2 protein chains.
Amino acid sequence: MSESSQIFVGLNAVILAVTDEEPRILTLRRGEHSVVVPADGSAEPPPAELMDGLPFGPLDPARDRTLELALRAWVREQTGIEVGYVEQLYTYGDRNRDPLERQGGPRILSIGYLSLCREDVVMGATQARWRPWYDYLPWEDWRDGRPQILDKQLEPALKAWIDVAEDRRAAQLRRDRVDIAFGLGGAPWDGYRVLDRYELLYEAGLVGEAMRDRGAPEATGEELPTRRLGRPMCFDHRRILATAVSRLRGKIKYRPVVFELLPPTFTLLQLQRVVEALAGQRLHKQNFRRLVEKGGLVEGTGKLSAGTGGRPAELFRFRHGVLRERPTPGVGLPSLPEH
Amino acid sequence: MSESSQIFVGLNAVILAVTDEEPRILTLRRGEHSVVVPADGSAEPPPAELMDGLPFGPLDPARDRTLELALRAWVREQTGIEVGYVEQLYTYGDRNRDPLERQGGPRILSIGYLSLCREDVVMGATQARWRPWYDYLPWEDWRDGRPQILDKQLEPALKAWIDVAEDRRAAQLRRDRVDIAFGLGGAPWDGYRVLDRYELLYEAGLVGEAMRDRGAPEATGEELPTRRLGRPMCFDHRRILATAVSRLRGKIKYRPVVFELLPPTFTLLQLQRVVEALAGQRLHKQNFRRLVEKGGLVEGTGKLSAGTGGRPAELFRFRHGVLRERPTPGVGLPSLPEH
DNA sequence: AGACTTATGCTAAATCTGAGTATAAGTCAC
DNA sequence: GTGACTTATACTCAGATTTAGCATAAGTCT
């Protein structure tokens, strides 16, 4: 059986924690060699540019009984974390996603996962590092209003991409997609279309990864025609991250997953800040309180927090019973007001 | 490289159409041999019992440029259908999902897909056959009220499963899960928890597949202690179907995917019936009309349908412009009234 | 003490939802 | 052709939910 008809499966994890009101993912700084560690111990190709990547490793079909167990094992080895909540995101399998494939290596499939935890569970003594996810997707953070990068860089670049379309029809298609994904031309901004936006930017050649994947060797995004749009990642890891953000923003609406990111007790403001961090937008405080309290998502503990400078707040905990009362317990987000 | 460290990837498609107000999926009646057609043309093991299965086939890493292209190619070969809308669902990789694995074969991964189309696109001259999806998941259809199978078979069987738990704590855990998944003990029925329910039934050993996978050879579900719960499928295809139903019921809320299942123009009642078929519940007609009309999802064509016995209805079409107006254009379902 | 910060209670207006009434415009049996 | 029946469509109304504020409570900081 030739190399080219073999398949290797890599597992990738977006490991998320929210600390200091900032959603952070665990990244490894690494060279862009293959996902695959050859089983025969042969030398890996020398790493190219160092670049951020998600923790990942191959599925060992002989050892790993399930995909999730394989993922947990790899994360433990690479980062020292014993992950709790885990959710599968998507499986990517386009040819030549991995640079090694182009050199005649085996076909690579990568399965993306999302894991939620708290930063304090991380052991030391590891090369892993927490980094704000908005470093990679800066246009997704609307907490301080419309991100500048949108008007200053993205919009002009996307307009240019529309203009270089083959014909009028193709241009119109591009315009429609851009308008819907980025809330231009009168369309509203939709906080859930994170993946749409990243993929559009990739297709338009506006993120570093696109140029790299098209064959320019060793490109890191620095030398793009536009200034680089967000921090690039190796392989398709940024696409996986975008998938994770999309999925999570959608999921908090109908499942109480936020609590995986919080300590056992918390104030309502802490809870709100975490939701805002994920959603990338601010929420109305009083309404948020009503939502989670009347919605039965939380219950007071009677204890007060050592307030950080104001009236002390009551400490709440997640109310597990809500699961049997309501079909979809979560925190729905308002549609973003237009700016 | 030994067989056991190799990986084969199978692609499975839930191909759905709604005809005569019934959601139907394309199935192939086939023996339970492996997903894998050996590349060297060696003989396959003799088929066991004939059983329904989804169209599926291996990813050929040398030929298929993307997973989706591979899927389309396989579907075309097996069923003659050129699928339109396609969406990836989930990747399953537990060891021993496939009977052949237990016999020392390679590790099998299967990637599930959902495809939406209309039945009339199917060519003849194929072994494929449309079957109502509720044949496989009969407890999911509440259009004529609460399904009888729930009270008569499922509830008693689940209660028995709770009772045989190891200790009181385990029993309580089981009860909680059952109550939430099946809307018992005061919890509401949640039409979206299709996958939860199937996996619970599998874990409780109440579907034919569970017994088969535990090692009983050639079991087809007929000889179960309880009468069989829904029609079984080969491998984990019923789990993939349950995933598809869950996903689709969730998605019609915020994306206008229903229209993939309808002809270009349709009456509002036709549209409603399709949504009801997917959701497995009845909707209030006047409110549904208001929802889709005022929501901008459809626009009238001015033409009238050749009424099937009543006042003729106007023909509508999907209003593409809604995509740029609203972030989440879809048909939200009411929470099911309790029975 | 007074400014400032955060927590929490409460309300008015707008919108959305669920359920029903009423009327229009066809088909079908006879 | 008339009356029963079927489906389509318009409109209403009450209640729930959502959005956006105002107002007050209870701390910290200078």
Side-chain angles (χ1 to χ4, degrees), chain A residues 21 188 191 253-254 265-276 279 281-316 325-339, chain B residues 21 142 188 191 253-254 265-276 279 281-317 325-339:
Chain A
E21 310 187 0
K253 269 191 303 192
Y254 60 94
T265 70
F266 44 82
T267 68
L268 293 185
L269 189 57
Q270 278 179 305
L271 174 59
Q272 181 180 344
R273 292 298 183 223
V274 171
V275 173
E276 287 174 340
Q281 67 177 279
R282 293 274 165 227
L283 302 173
H284 184 284
K285 186 169 178 172
Q286 294 93 321
N287 291 345
F288 182 79
R289 158 178 288 266
R290 184 185 50 197
L291 184 73
V292 296
E293 260 191 316
K294 302 228 164 136
L297 273 171
V298 297
E299 60 191 356
T301 62
K303 292 174 196 162
L304 295 184
S305 76
T308 47
R311 170 173 167 179
E314 185 171 5
L315 285 169
F316 287 77
E325 295 160 12
R326 327 187 103 231
T328 59
V331 282
L333 305 177
S335 51
L336 266 180
E338 321 225 354
H339 288 256
Chain B
E21 311 187 0
W142 288 57
K253 270 192 303 193
Y254 61 93
T265 69
F266 44 83
T267 68
L268 292 185
L269 189 57
Q270 279 179 305
L271 174 59
Q272 182 179 343
R273 292 298 184 223
V274 171
V275 173
E276 288 174 340
Q281 66 176 281
R282 292 273 164 229
L283 301 173
H284 184 284
K285 186 169 177 172
Q286 294 91 323
N287 290 346
F288 183 80
R289 159 178 287 266
R290 180 179 56 191
L291 185 74
V292 298
E293 259 193 315
K294 302 229 163 133
L297 274 171
V298 298
E299 60 191 357
T301 62
K303 291 174 197 161
L304 295 185
S305 75
T308 48
R311 170 173 168 180
E314 185 171 4
L315 285 168
F316 288 77
R317 74 169 75 91
E325 295 159 13
R326 328 187 103 230
T328 59
V331 281
L333 304 179
S335 51
L336 267 180
E338 321 221 358
H339 288 256

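Reminder, nothing fancy here: chain letters follow the sequence lines and each chain counts from 1. Values in this document were obtained by computation on a predicted structure and should not be read as measured data.
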Distance, rounded to the nearest Å, where [X] contributes [atom1] and [N] contributes [atom2]:
X	N	atom1	atom2	result
A/L291	D/dT17	CG	C1'	10 Å
B/F288	D/dT7	CZ	P	17 Å
B/L283	C/dC16	CG	C1'	16 Å
B/F266	D/dA8	CZ	P	14 Å
B/R273	D/dT7	CZ	C1'	10 Å
B/H284	C/dG20	NE2	P	7 Å
A/L315	C/dT8	CG	C1'	15 Å
B/R290	C/dA19	CZ	P	11 Å

Heavy-atom closest pair, residues B/L297 and B/G330: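 Nearest pair, atom of B/L297 first, then B/G330: CD1-O, 3.7 Å.
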Donor-acceptor pair, side chain of A/T301 and main chain of A/L315, under 3.5 angstrom: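 Pair found, side chain donor or acceptor close to backbone of A/L315.
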Check: A/T267 main-chain N/O paired with A/Q270 side-chain donor or acceptor under 3.5 Å: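 Side chain of A/Q270 to backbone of A/T267, a donor-acceptor pair under 3.5 Å: yes, one is there.
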I'd like a list of close polar pairs between nucleotides 24-28 of chain C and the protein, N/O only, cut-off under 3.5 Å.
unit_1: C/dA24; atom_1: N3; unit_2: B/R311; atom_2: NH1; d: 3.1

cation_pi(A/K253, B/Y254) dist<6.0 Å, angle<=45: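 Satisfied, under 6.0 Å and within 45°.
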Nearest-neighbour nucleotide for the B/R289 side chain, C/dA7, D/dA10, C/dA19 considered: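 Nearest to the side-chain atoms of B/R289, counting from C-beta on, is D/dA10.
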Out of D/dT7, C/dG9, C/dA7, whichever nucleotide has its closest atom nearest the side chain of B/L269: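 Of all the options, the side chain of B/L269 is nearest to D/dT7.
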A/V275 side chain reached by A/L283 side chain, heavy atoms, under 4.5 Å: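 Yes, their side chains come closer than 4.5 Å.
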Earlier contact from the 5' end, DNA chain C, for A/N287 and A/E314: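 Whichever sits nearer the 5' end wins; that is A/E314.
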Verdict with reasoning, B/F316 to B/E314, per side chain to side chain contact (heavy atoms under 4.5 Å, CB included): CA-CA 6 Å; B/F316 288 77; B/E314 185 171 4; 3.8 Å; yes
Phosphate-side-chain proximity, A/K285 and C/dA7, N/O vs OP1/OP2 below 4.0 Å: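 It does, given that an N or O in the side chain of A/K285 lies less than 4.0 Å from OP1 or OP2 of C/dA7.
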Heavy-atom donor-acceptor pair, B/Q286 side-chain to C/dT21 base, under 3.5 Å: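 Such a pair is found, so the answer is yes.
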Derivation and outcome, side chain to side chain contact (heavy atoms under 4.5 Å, CB included), residues A/H284 and A/Q272: CA-CA 9 Å; A/H284 184 284; A/Q272 181 180 344; over 6 Å; no
